[in-house]
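Position 1 is the first residue of the sequence, and the numbers go up from there.
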Amino acid sequence: MLTIGNLAMRLARSQFSSNFFACAGYQVIDNLGFETVEAGVEAAMNAGADIVVLCSSDDEYADYAPAAYKALAGKAEFVVAGAPACADELKAQGIDQFINVKSNVLETLKSFNAKLGIA
């Protein structure tokens, strides 16, 4: 989990995202938050993360998501937790993976398993 920004929102989204992936057996590494996107990406890469989930508030995603996506540079799957109003702008920048309460959990997890080569 790449948790940053608004404390209440990052914790709520991190908890949701942790449960979302853990129910499929994924090892989840959570934290209390990062000062910068770059610090979060560095921690994720040092941990060998296959998936990095950005957990913040909708208002902050417009800045944090593009920065995290760019810093990851395709080294891991990048997911935004939530359904921010800026989703269309993020999609235009190549950020196309979102999880939220309206996500089909089974289909979404099957998709990640396929991307990661998990049977």
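Residues that satisfy the side chain to side chain contact (heavy atoms under 4.5 Å, CB included) test with Asn113, not counting sequence neighbours, are Tyr26, Ile118. The salt bridge (charged side-chain N to carboxylate O under 4.0 Å, His left out) search around Asp58 returns Arg13, not counting sequence neighbours. The side chain to side chain contact (heavy atoms under 4.5 Å, CB included) test applied to Ala85 returns no partner, not counting sequence neighbours. Applying the ring pair (Phe, Tyr, Trp, His ring centres under 6.0 Å) criterion to Phe20, with sequence neighbours excluded, gives Phe16.
In terms of heavy atoms, Leu109 sits closest to Ala24 at CD1-CB, 3.6 Å. For the residue pair Arg10 and Leu32, the shortest heavy atom distance occurs at NH2-O, 3.0 Å. Between Ser18 and Asp30, the shortest heavy-atom distance links the atoms OG-OD2, 3.8 Å. Looking at every heavy atom in both residues, Ala81 comes nearest to Cys55 through CB-SG, 4.2 Å. Contact detail for Asp96 and Lys91: the closest heavy-atom pair is CA-CG, 4.4 Å. Nearest heavy atoms, Ala68 versus Leu2: CB-CD1, 4.3 Å.
Annotation: the span from Glu60 atom CD to Asn6 atom CG amounts to 5.5 Å, rounded to 0.5 Å.
The shortest distance between side-chain heavy atoms of Tyr61 and Ser56 falls below 4.5 Å. Two residues are said to be in side-chain contact when any heavy atoms from C-beta on lie closer than 4.5 Å; Lys115 and Lys110 fail this criterion. In this structure, Lys70 and Val37 have side chains that are not in contact, with every pair of non-hydrogen atoms separated by 4.5 Å or more.
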*Under the side-chain contact (heavy atoms from CB on, under 4.5 Å) criterion, do Phe112 and Gln97 qualify, and how do the steps go?*
CA-CA 10 Å; Phe112 279 107; Gln97 298 184 111; 3.4 Å; yes
*Please assess Phe21 against Ile99 for the test side-chain contact (heavy atoms from CB on, under 4.5 Å), listing each intermediate value before the final yes or no.*
CA-CA 10 Å; Phe21 284 100; Ile99 60 168; 3.7 Å; yes
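Met1 pairs in a side-chain contact (heavy atoms from CB on, under 4.5 Å) with only one of the listed residues (Val79, Val53, Leu54, Val52), which is Val53.
Under the 4.5 angstrom side-chain criterion for Ile, Leu, Val, Met, Phe, Trp and Tyr, Ile29 has no cluster partners at all. Leu7 forms part of a hydrophobic cluster together with Leu11, judged by ILVMFWY side-chain heavy-atom separations under 4.5 Å.
By the rule that hydrophobic residues join a cluster once side-chain heavy atoms approach within less than 4.5 Å of another member, Val105 and Val28 end up as members of one cluster. One hydrophobic cluster, built from ILVMFWY side chains closer than 4.5 Å, cannot hold both Ile95 and Met9; they sit in different ones.
Of the possible polar contacts, none joining the Ser17 side chain to the Ser14 backbone as a donor-acceptor pair under 3.5 Å is found.
Around the CD atom of Gln27, the shell of radius 6.0 Å holds no more than 12 heavy atoms that belong to other residues, nucleotides or ligands.
In this pair, Tyr69 and Phe78 present their aromatic rings tilted. The plane angle is within the 30 to 60° band.
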